[in-house]
Amino acid sequence: MPSAPNPHATAMLIRKLESIATLTDEQRQAVLSLPVRTHTLAARQDIVRDGDKPSHCCLILDGWVYRYKLLGDGRRQIFSFHISGDVPDLQTLHVHTMDHSLATLTKATVAFIPHESLRDLTLRHPGLGTLFWRDSLIDAGIFRAWMVGMGRRSAFEQVAHLFCELYLKLQAVGLAEHYRCPLPITQIDIADALGMTSVHVNRVLKEMRGQTLITLRSHTLIIEAWDELLRVAEFDPTYLHLEHRAA
C-alpha cells in the first residue's frame, strides 16, 4: 500500500513534538502533510531488527513499543519504552544500519514515514529539523538517566525513577492524569530494562505497595504518594525537557 497523508496519524506526532516545544501553524501543516502507511501489529512482534537497513521511520499511533538487544545466549536488554507520538527509530535517518531491535510490547498501531519525506520536511522547515534533533538529544538524556540508575541507584530507587519518568511522559501527551496511567509492562520487562531479576522486581513492587506508594491494578499504575515517590527516586524531570509536567 503506497504512502499517503493521514492527518489523524500525524496529529500524534504533533502532540509529541508540542510536548517539548511550540510549533507554528506552518510547521503543524507540514507535519500533517507527511505521507504514511499505517499497520496494526500484534504484541511482541519485531518492527525492525538488529542489522536491518530501514527506508522509513516508525511513528507509534497506539500501544507501547520498546527497543532492545539480544545477547548470543538469548538474554535481553531493554533500552527504552515508547508510547503514542514517539518515533523511536528516528536515528535511522542518519545511521543506516540498526544496531538494536524495535518491537511491540502490546498490540500497536504504527505509521511508517519514508526517510525521503522526512529529509524533505527538514530541508523545507529547518526548525522542525532542529526539533527532531532536540528529541534525539532528549532520548540520549533518558539513556544517561537509566545508566545512572543501573550503576548507582538501589533497585527500589530505580523502579521509582522509572515510574516517575513514564508517568510524566504519558501525561505530557495526554495519556495520563491524576497520577494514574496505563502500565502494560510485565515484571520481566522491568527486570530486563533495569538489569535486575524478575524476583527482585517482584520484591520491590511488593515493598512499594506496602509503603502505599503505588497501586498496580489491571495494567494501570496508580501513584498514591507522588511527592514521596519523587523523593525516594531523587527524581529531577529536567532531563525530559517537557513543556508540560505534573504539579
Side-chain angles (χ1 to χ4, degrees), residues 1-6 8-13 15-16 34-118 132 135-136 139 142-143 146 162-163 165-166 169-170 173-176 181-198 201 216 218-221:
M1 182 174 64
S3 300
N6 182 337
H8 175 71
T10 44
M12 289 304 305
L13 178 55
R15 183 186 296 183
K16 167 59 187 292
L34 281 170
V36 301
R37 288 183 295 110
T38 60
H39 294 271
T40 298
L41 305 173
R44 308 289 172 174
Q45 182 175 337
D46 281 338
I47 299 171
V48 60
R49 294 187 175 93
D50 196 348
D52 284 354
K53 299 178 185 294
S55 60
H56 52 255
C57 289
C58 172
L59 166 65
I60 306 167
L61 303 181
D62 185 55
W64 287 52
V65 167
Y66 67 103
R67 287 189 272 193
Y68 74 97
K69 182 89 171 182
L70 283 181
L71 299 183
D73 60 4
R75 285 177 295 167
R76 179 182 67 164
Q77 178 64 50
I78 292 177
F79 300 125
S80 54
F81 296 110
H82 294 276
I83 58 174
S84 299
D86 285 352
V87 185
D89 58 350
L90 190 60
Q91 74 276 7
T92 61
L93 275 174
H94 306 290
V95 180
H96 303 303
T97 302
M98 290 289 293
D99 58 16
H100 62 280
S101 299
L102 180 68
T104 57
L105 184 71
T106 65
K107 180 181 178 181
T109 302
V110 300
F112 294 114
I113 310 173
H115 283 170
E116 60 186 27
S117 299
L118 281 169
F132 286 134
D135 187 51
S136 295
D139 260 358
I142 293 172
F143 287 148
W146 282 34
L162 176 64
F163 286 169
E165 176 183 295
L166 291 175
K169 287 183 64 180
L170 287 158
V173 294
L175 297 176
C181 66
L183 191 74
I185 304 171
T186 68
Q187 292 182 18
I188 293 174
D189 295 326
I190 294 174
D192 286 356
L194 302 183
M196 304 178 194
T197 66
S198 58
V201 171
L216 292 170
S218 302
H219 301 298
T220 298
L221 168 67

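Since we're looking at a predicted model, the values are computed, not measured.
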At their closest point, which heavy atom of Ala9 faces which heavy atom of Ala111, and how far apart are they?
CB-CB, 4.4 Å
Under 3.5 Å donor-acceptor, His82 side chain and Pro88 backbone:
no
CG of Leu105 to OH of Tyr66: how many Å apart, nearest 0.5 Å?
7.0 Å
Whether Gln77 side chain and Leu70 backbone form a donor-acceptor pair below 3.5 Å:
no
side-chain hydrogen bond (donor to acceptor under 3.5 Å, both in side chains) with Arg15: which residues, sequence neighbours excluded?
none
Below 4.5 Å, heavy atoms only, C-beta onward: do Thr38 and Val36 meet side chain to side chain?
yes
Quick check: does any side chain N or O of Asp89 sit under 3.5 Å from a backbone N or O of Cys58, one acting as donor and the other as acceptor?
yes
Would you say that more than 12 heavy atoms from the other residues, nucleotides or ligands in this model lie under 6.0 Å from the CD of Gln45, or not?
yes
What is the distance from atom CG of Leu59 to atom CG of Asp86, rounded to the nearest 0.5 Å?
8.5 Å
With a 3.5 Å cut-off and sequence neighbours excluded, list the donor-acceptor pairs that the side chains of residues 182-191 form with protein atoms.
residue: Thr186; atom: OG1; partner: Ile188; partner atom: N; Å: 3.4
residue: Thr186; atom: OG1; partner: Asp189; partner atom: N; Å: 3.0
residue: Thr186; atom: OG1; partner: Asp189; partner atom: OD2; Å: 3.0
residue: Gln187; atom: OE1; partner: Asn202; partner atom: ND2; Å: 3.2
residue: Asp189; atom: OD1; partner: Arg44; partner atom: NH1; Å: 3.0
residue: Asp189; atom: OD1; partner: Arg76; partner atom: NH2; Å: 2.9
residue: Asp189; atom: OD2; partner: Arg44; partner atom: NH2; Å: 2.8
residue: Asp189; atom: OD2; partner: Thr186; partner atom: N; Å: 3.0

How long is the gap from OG on Ser80 to CH2 on Trp146, to the nearest 0.5 Å?
6.0 Å
Donor-acceptor check, side chain of Ser117 to backbone of Ile113, threshold 3.5 angstrom: yes or no?
no
With heavy-atom distances below 4.5 Å as the criterion, would you say the side chains of Leu61 and Val110 are in contact?
no
With sequence neighbours excluded, what pairs up with Asp73 under the side-chain hydrogen bond (donor to acceptor under 3.5 Å, both in side chains) test?
Arg75
Mind telling me whether His100 and Phe79 have parallel, tilted or perpendicular rings, with 30° and 60° as the class edges?
perpendicular
The salt bridge (Lys or Arg N to Asp or Glu O under 4.0 Å) partners of Asp52 (sequence neighbours excluded) come to none
With heavy-atom distances below 4.5 Å as the criterion, would you say the side chains of Thr92 and Met98 are in contact?
yes
Regarding Asp46 and Tyr68, is there a side-chain donor-to-acceptor distance under 3.5 Å anywhere?
yes
Side-chain heavy-atom pair Val173, Ser84 within 4.5 angstrom cut-off
no
Report yes if the side chains of Phe132 and Leu118 come closer than 4.5 Å at any heavy-atom pair, otherwise no.
yes
Sorted by chain and number, sequence neighbours left out, side-chain hydrogen bond (donor to acceptor under 3.5 Å, both in side chains) with Asp139 holds for Arg67
Say you draw a straight line from CG of Leu41 to CG of Asp62; how long is it, rounded to the nearest 0.5 Å?
11.5 Å
Ile83 CD1 to Thr106 OG1 distance, which is reported to the nearest 0.5 Å:
11.5 Å
Under the 3.5 angstrom rule, does the side chain of Lys69 hit a backbone N or O of Asp99 as a donor-acceptor pair?
yes
Contacts of Thr104 meeting side-chain hydrogen bond (donor to acceptor under 3.5 Å, both in side chains) (sequence neighbours excluded), chain-then-number -> none
Distance check, rounded to the nearest 0.5 Å: Ile47 atom CD1 versus His56 atom NE2?
9.0 Å
Using a 3.5 Å distance criterion without hydrogens, assess whether the side chain of Thr109 forms a donor-acceptor pair with backbone atoms of Thr40.
no
For Ser3 and Arg37, which heavy atoms make the closest approach, and how far apart are they?
OG-CG, 3.4 Å
